[in-house]
Amino acid sequence: MKRTHHCGELQAENIDEEVVVNGWVQSTRDHGGVIFIDLRDRSGIVQCVFNPEIQPDAHTIAQEARNEWVLAVRGPVRRRPEGTENLKLDTGLVEVVGQRIEVLNAAKTPPFGVDDAEPEELTRLRYRYLDLRRPRMANNLKLRHEVTKSVREFFYAEGFYEVETPMLWKSTPEGAREFVVPSRLVPESFFVLPQSPQLCKQLLMVAGVEKYFQIARCFRDEDSRADRQPEFTQIDVEMSFVDQDDILDTTERMCAQIMKQSLGVDVPLPFPRYTYAEARARWGSDKPDTRFAMELVDVSDIVQNSGFKVFQNAVASGGQVKALNAPGCASYTRKDIDDLIGLSKQFGAKGIASWALGESEIKSQVAKFLTKEQMQGIFERVGAQTGDLVLAVADTPEVVAESLGRIRLEMGKRLEMIPDGAWDFHWVVDFPLFGWNDKEHRYDPMHHPFCAPNPDDIQLLKDGYNTDTEPGHRDHPWGKVRATLYDLVLNGYEIGGGSIRTHRRDLQELVFGAIGLDFDHAKERFGFLLEAFEYGAPPHGGIACGLDRIIAIMARSDSIRDVIAFPKTATFTCPLSGAPTPVDRKALDELHIATVPMAV
RNA sequence: GGACCCGUGGUCUAGCCUGGUUUAUGACGCCGGCCUGUCAAGCCGGAGAUCGCCGGUUCAAAUCCGGUCGGGUCCGCCA
């Protein structure tokens, strides 16, 4: 019995048509006489009726059917009797009168039902094919399909080439830990799986592709997080003869298109752009969640001459004191505040000063160190009123941003200040080119060594070679060089990042020098790319967007595992297949690999 | 490498803090029976758990303690 219709599409206009539907048993209701079977396929659910007096053979088989059996049902579609329509079902006006029924496949009783409460994640992953039958997960798969389709259509229409790049690639020393693949034909040598197609896409620019994109699988063997998997997918883009604005503009329009086509949401263009410095200052983050206000406010000038040593010293040593206002939190207990202090300590803060603005008094552990005027000045600046709680951190700008930024997020969450259904896209631009590596006592590239400096800061880059200032000091020119580096942020998550690349040797040497890499040494590591650049590299730049995370946000899921068909656990195992497993000794011998048992 | 949370029939869950009258709660599912219009069908009955594992404390441990395994979250790491 080959199907003629999908379950979910049967409507009033199909009445009196003879149809065949195929699908899984969603539920059965046996009334002793008449039996109802809800049959489900990808399109939806339709009710099939079996009457023992009219079709005894079909009724007998229907009696046997259990949840998740796979059935074919044939019969006419008819309007449901008056009063028995089910408005909860899209097909609820009609039903299929089951005249014939064929069991395409019986099924074991499933470990969990498609309609049940969500099982533990391990159980879901063990039986992922059942988990994916659940409506939430089936919708996520569908959403992912629609988004990737929309992405492809966008780039095709914009004249991009879709190019595949190798999965078997070359190991590079820095960056993320790599997955290693042994070579059989070249003994004792290994491929690695690509962390990203970064170098390949730049080679494609040298090759003259001009506009490249790929929905690319990437691999990183780093410890997991809720939004990290050992393999993940990027929307990878690179363009030639463009500047930063061209890339931002293209990316924005791509985002607008997927939001429109997949969710029907209109996202206003262009996206707001904040500089890195502004984002850190106002929200304490380089991926700020700007869906709610509660900004960090600098009160250093008010408290620098206060009697409180912690404030004094922080400002005197080049640090700062910043505060934020938590509305309505004056009733916070000592323990509530200790919890926040604990949180802030995770991010380097030594503590939090707080003022609870009660009806009659101000409760604060630092009240005695500050004058009334000083406190009043703080409250005014952060906009605090009676009933509010003011929190302040004094430290280096980095620690203040990190810790108070996290406190801000925590308070935003607790106070339910984050509006539901907001789609807050924005850019963070003008990142510094280098970050100071205190351990190694040198500058490291913030992104990767081919990220171009901001053209306005090239003089700073040169100045860095002729300065008396200590490297790492906040006045060192290299610490001030901005990069042509941009991050795309959605609802407080970094969903993409890219840069304009350096394509000229003279500039590249300046950058390499700053990170303590001489050109010849660099050639050993990136030789093939540098060599390619000597044969006419066009100016180029690009971006990579984290597809899994974008879809997870669109699906309102906390974990990217929910938008990946077959994800791995936090320890990078697959409960469904059992991977990873040992392989045959013979296979290892062929690969010239000896294994060493783990030390106990 | 470090910190924290979780682990009770097939599934979800109560009990754990404050150890003992609980034969370990309830729901879904499963099995049997009844029932001709339900749709999370209903009603009656039944089976199903040595409370992840190991050890300790105690007269007594699902409950307290230590370890271990598994799952999850975060820091480090990672763009």
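No experiment lies behind these values; they were computed from the predicted model shown. To find a chain, count down the sequence lines: A is the first, B the second, and so on, and within it residues start at 1.
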S.K.: When the nearest nucleotide of RNA chain B is assigned to E120(A) and to L485(A) on a heavy-atom basis, which residue is associated with the more 5' position?
M.R.: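 The answer here is E120(A).
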S.K.: Remember a base hit wins even if backbone is also touched, and classify R549(A) as base, sugar-phosphate or nothing at under 4.0 Å, heavy atoms.
M.R.: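 Answer is nothing: R549(A) stays at 4.0 Å or more from every strand.
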S.K.: How would you label the contact of D115(A) with the nucleic acid (heavy atoms, under 4.0 Å): base, sugar-phosphate, or nothing?
M.R.: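 Nothing: the residue D115(A), judged by heavy atoms under 4.0 Å, touches no strand.
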S.K.: Under 4.0 Å, heavy atoms only, any strand: does T573(A) hit a base, just the sugar-phosphate, or nothing?
M.R.: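 Sugar-phosphate only.
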S.K.: I'd like to know if K201(A) and D236(A) make a salt bridge, using a cut-off of under 4.0 Å between side-chain N and carboxylate O.
M.R.: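 Result for this pair is yes, salt bridge flagged.
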S.K.: Nearest of rG32(B), rG37(B), rC75(B) to any side-chain atom of F347(A)?
M.R.: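 When the side chain of F347(A) is considered, rC75(B) is the closest of rG32(B), rG37(B), rC75(B).
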S.K.: Is E118(A) salt-bridged to R134(A), going by a charged N under 4.0 Å from an acidic O?
M.R.: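 Judged by the 4.0 Å cut-off on N to carboxylate O distance, E118(A) and R134(A) do form a salt bridge.
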S.K.: Report which part of the nucleic acid Q26(A) touches: base, sugar-phosphate, or nothing (heavy-atom distance under 4.0 Å, all strands).
M.R.: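 The residue Q26(A) makes no contact with any strand.
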S.K.: I want to know whether F36(A) and H31(A) have ring centres closer than 6.0 Å.
M.R.: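 Yes, ring centres under 6.0 Å apart.
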S.K.: Say you pick atom P in rC43(B) and the same atom in rC28(B); how far apart are they, in whole Å?
M.R.: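 The same atom, P, in both gives a distance of 9 Å.
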S.K.: So, is K345(A) close to the rC75(B) phosphate, meaning a side-chain N or O under 4.0 Å from OP1 or OP2?
M.R.: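 So the side chain of K345(A) is outside the cut-off, no N or O lying under 4.0 Å from OP1 or OP2 of rC75(B).
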S.K.: If you measure from the C1' atom in rU13(B) to the same atom in rG29(B), how many Å do you get, rounded?
M.R.: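 14 Å, rounded to whole Å.
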S.K.: Is the distance from OP1 or OP2 of rA79(B) to the nearest side-chain N or O of R228(A) less than 4.0 Å?
M.R.: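 Answer no for this pair, as no side-chain N or O of R228(A) is under 4.0 Å from OP1 or OP2.
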S.K.: May I ask you to say what R177(A) touches in the nucleic acid, namely base, sugar-phosphate or nothing, with a heavy-atom cut-off under 4.0 Å?
M.R.: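 The answer is nothing, as R177(A) stays clear of every strand by at least 4.0 Å.
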S.K.: Does R280(A) pair with E402(A) as a salt bridge, N-O distance under 4.0 Å?
M.R.: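 Result for this pair is yes, salt bridge flagged.
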S.K.: So, are R126(A) and D131(A) salt-bridged, with charged N and O less than 4.0 Å apart?
M.R.: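 No, no charged N to carboxylate O under 4.0 Å.
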S.K.: Distance between the C1' atoms of rG9(B) and rG26(B), in whole angstroms?
M.R.: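 Those two atoms are separated by 13 Å.
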S.K.: Provide the distance between the two P atoms, one in rU11(B) and one in rC51(B), to the nearest whole Å.
M.R.: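 Their P atoms lie roughly 16 Å apart.
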S.K.: Checking all strands, does Q47(A) fall into the base, sugar-phosphate, or nothing category for heavy-atom contacts under 4.0 angstrom?
M.R.: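 The answer is base, as Q47(A) lies within the cut-off (heavy atoms under 4.0 Å) of a base atom.
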S.K.: Assign each of E95(A) and Q195(A) to its nearest nucleotide of RNA chain B by heavy atoms, then name whichever residue's nucleotide is nearer the 5' end.
M.R.: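 Here E95(A) is the residue nearer the 5' end.
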S.K.: Taking atom types as they are modelled, would you say the side chain of R220(A) forms a donor-acceptor pair with the base of rC78(B) within the 3.5 Å cutoff?
M.R.: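 By the distance-only test, no, there is no pair.
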S.K.: Check this for me, if you would: do R273(A) and D245(A) make a salt bridge, where the nitrogen-to-carboxylate-oxygen distance has to be below 4.0 angstrom?
M.R.: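 Looking at D245(A) together with R273(A), the answer is yes, because their closest N to O distance falls below 4.0 Å.
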S.K.: Which part of the nucleic acid, if any, lies within contact of R78(A), taking any heavy atom under 4.0 Å across all strands shown: a base, the sugar-phosphate backbone alone, or nothing?
M.R.: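 It contacts base atoms.
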S.K.: Partner of rU68(B) by Watson-Crick or G-U wobble geometry, both contacts under 3.5 Å, or none?
M.R.: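 Paired with rG52(B).
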S.K.: With a non-hydrogen cut-off below 4.0 angstrom, is G175(A) in contact with a base, only sugar-phosphate, or nothing?
M.R.: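 The answer is sugar-phosphate, as G175(A) gets under 4.0 Å only of primed atoms, P, OP1 or OP2.
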S.K.: Would you mind classifying the nucleic acid contact of P81(A) as base, sugar-phosphate or nothing, using non-hydrogen atoms under 4.0 angstrom?
M.R.: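 Counting heavy atoms under 4.0 Å across all strands, the contact made by P81(A) includes a base.
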S.K.: Contact class for S196(A) vs. all strands (heavy atom < 4.0 Å): base, sugar-phosphate, or nothing?
M.R.: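 Touches nothing.
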S.K.: Classify the nucleic acid contact of D30(A) as base, sugar-phosphate or nothing, counting any heavy atom under 4.0 Å across all strands shown.
M.R.: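 It contacts base atoms.
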S.K.: Just how far, in rounded Å, is P of rC78(B) from CD of E231(A)?
M.R.: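 Answer to the nearest Å: 21 Å.
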S.K.: At 4.0 Å (heavy atoms only), tell me whether R126(A) reaches a base, stays on the sugar-phosphate, or touches nothing.
M.R.: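 Answer is nothing: R126(A) stays at 4.0 Å or more from every strand.
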S.K.: Remember a base hit wins even if backbone is also touched, and classify E494(A) as base, sugar-phosphate or nothing at under 4.0 Å, heavy atoms.
M.R.: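 Touches nothing.
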S.K.: Contact class for S559(A) vs. all strands (heavy atom < 4.0 Å): base, sugar-phosphate, or nothing?
M.R.: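 The residue S559(A) makes no contact with any strand.
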S.K.: Taking the side chain of P119(A) as heavy atoms from C-beta outward, which of rC30(B), rC12(B), rC75(B) is closest to it?
M.R.: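 For P119(A), the side-chain atoms sit closest to rC12(B).
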